[in-house]
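Working notes, structure below.
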Amino acid sequence: MSGFTTEDTDWESGQRQLSAVLVQWRSSEAAVPVLAALGEFARGAAMGDCRPLAGLFGGDAAIAGDVIGGLVDGVVNGLARSPLGQLPLRHARRKTSHTLLLARDGTASLAITVYDGVALAAQPTPHSAEFAPIETWVRVLAGTGTAERVTRDTEYLAPLQRAEVDLRPGVMLKRDGWCEGLQMRAVDGALVVLRLQRQLRVPDTVHEFRLEDGALLHRAAARSEDSRLELAIAVLVAQGRRDAVPALARIVTGSAPVSLRWSALRAVLGLDTRAGLVLLGELAGGEDEVLGAAARGLQRDLIDEWPELEKVAQWRG
């Protein structure tokens with residue numbers, strides 16, 4: 001006796017139809033140049049050199065309508081024919097928004113986000129703002145609302161600056177996430193935006209600041225893979241794995257993000273004091289523009305606290 005039901009075959013049929021819609025959209029005259037430009041953008045090209053993307057976010061509204069409208073129309077019609085089908089695109093749901101990832105290439109992504117005004121109104125007033133190394137372009141496709149732009153001084157010399165932003169169809173916002181944050185404050189019903197993002201390699205840390213006084217509340221790795229590596233380093237230290245010192249030393253002297261290199265250095269110091277001090281001395285006396293100053297400060301503090309460490313790096317074995 002077969003375990004398949006009518007619902008199973010309907011679902012499979014819906015999947016095939018919606019997959020066909022996506023393939024058709026990706027090969028359409030409107031989408032092909034945009035997806036090709038996304039690849040160039042992901043490899044570091046300036047926005048102005050990626051004309052299809054620049055037109056999508058800064059040009060006539062009809063351009064966005066041609067590119068996105070074709071996909072939306074196809075999906076709506078496909079779901080009308082096959083309600084059990086599921087669009088084969090990644091999507092995410094948060095308390096106040098839903099995001100559909102249209103395309104991704106490397107660290108660049110193109111997505112549609114819908115903000116729910118009722119859910120947004122039910123949330124407590126934010127007390128902090130995050131700043132991440134991500135470039136973001138946003139174009140409002142439909143709906144109205146207000147947001148708040150939060151700007152920080154990357155040298156920590158001034159308090160956070162805050163300004164209200166009016167959102168309506170056609171509004172385009174570009175921001176450098178390392179020094180600018182954007183928080184939704186209110187939405188009339190629903191607000192639909194097209195979002196283009198590209199992750200920057202440097203700086204590579206997410207900072208969270210308190211809105212009231214600009215105090216730094218938290219730091220974290222900007223990429224999930226870096227967070228996983230930092231957790232792995234912490235486990236190695238907890239297990240006393242001295243055999244991991246050579247691999248950790250390669251991270252310290254390599255091209256990994258600053259926070260990961262610093263975590264690896266601290267791990268080496270904890271696992272093998274002599275090896276850690278040798279490595280610290282190399283950084284302090286070298287030309288590492290990123291960790292050199294911090295290494296010199298740590299070396300000075302350690303020797304001031306424990307003068308005997310000055311000779312430890314000279315031990316053999």
Side-chain angles (χ1 to χ4, degrees), residues 44 106-107 128-135 152-157 176-181 197-210 214-315 317:
T107 64
S128 65
E130 285 189 351
F131 298 87
I134 298 175
E135 291 179 302
R152 77 180 183 98
D153 184 334
T154 56
E155 300 298 328
Y156 307 96
L157 299 178
D176 178 350
W178 176 236
C179 57
E180 296 175 286
Q197 287 189 326
R198 175 170 62 182
Q199 184 146 4
L200 303 175
R201 183 60 181 170
V202 177
D204 48 42
T205 306
V206 177
H207 292 75
E208 181 183 7
F209 294 89
R210 188 163 52 217
L216 178 62
L217 299 178
H218 184 65
R219 292 180 182 176
R223 303 185 306 164
S224 58
E225 52 265 44
D226 295 335
S227 295
R228 288 194 293 268
L229 286 173
E230 290 195 21
L231 286 173
I233 289 173
V235 171
L236 291 172
V237 173
Q239 294 178 337
R241 293 288 299 274
R242 293 188 65 184
D243 58 317
V245 167
L248 294 170
R250 287 193 293 271
I251 293 176
V252 175
T253 57
S255 58
V258 177
S259 59
L260 185 61
R261 293 177 62 199
W262 191 250
S263 294
L265 175 61
R266 293 173 58 188
V268 174
L269 283 165
L271 291 169
D272 186 328
T273 303
R274 178 187 175 277
L277 288 173
V278 169
L279 193 57
L280 183 62
E282 292 175 356
L283 287 174
E287 299 180 355
D288 193 310
E289 297 180 358
V290 179
L291 288 184
R296 286 189 288 275
L298 178 58
Q299 185 184 53
R300 181 177 59 252
D301 291 343
L302 288 175
I303 292 176
D304 287 346
E305 184 72 19
W306 297 285
E308 63 272 19
L309 291 180
E310 190 169 12
K311 296 182 180 181
V312 171
Q314 303 172 7
W315 296 352

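None of the values given here were measured: they were computed from a predicted structure.
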Taking all atoms of both residues into account, what is the closest heavy-atom pair of [X] and [Y], and its distance?
X    : Y    : answer
V268 : A249 : CG2-N, 4.1 Å
V206 : P133 : CG2-CD, 4.4 Å
A295 : A284 : CB-N, 3.8 Å
L217 : S128 : CD1-CB, 3.8 Å

To the nearest 0.5 Å, what is the distance between [atom1] on [X] and [atom2] on [Y]?
X    : Y    : atom1 : atom2 : result
E135 : Q197 : CD    : CD    : 10.5 Å
L260 : I233 : CG    : CD1   : 5.0 Å
D272 : L277 : CG    : CG    : 9.0 Å

For the side-chain contact (heavy atoms from CB on, under 4.5 Å) test, which of I134, D176, T107 pairs with L200?
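Among I134, D176, T107, the one meeting side-chain contact (heavy atoms from CB on, under 4.5 Å) with L200 is D176.
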So do [Y] and [X] actually touch side chain to side chain, heavy atoms under 4.5 Å?
X    : Y    : result
R261 : L283 : yes
L279 : L248 : no
L298 : L269 : yes
L280 : L302 : yes

Are the side chain of R152 and the backbone of W178 linked by a donor-acceptor contact shorter than 3.5 Å?
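Yes, R152 side chain to W178 backbone: donor-acceptor pair under 3.5 Å.
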Could you list all the side-chain hydrogen bond (donor to acceptor under 3.5 Å, both in side chains) pairs where at least one residue sits in residues 291-303, not counting sequence neighbours?
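Not a single pair qualifies under side-chain hydrogen bond (donor to acceptor under 3.5 Å, both in side chains).
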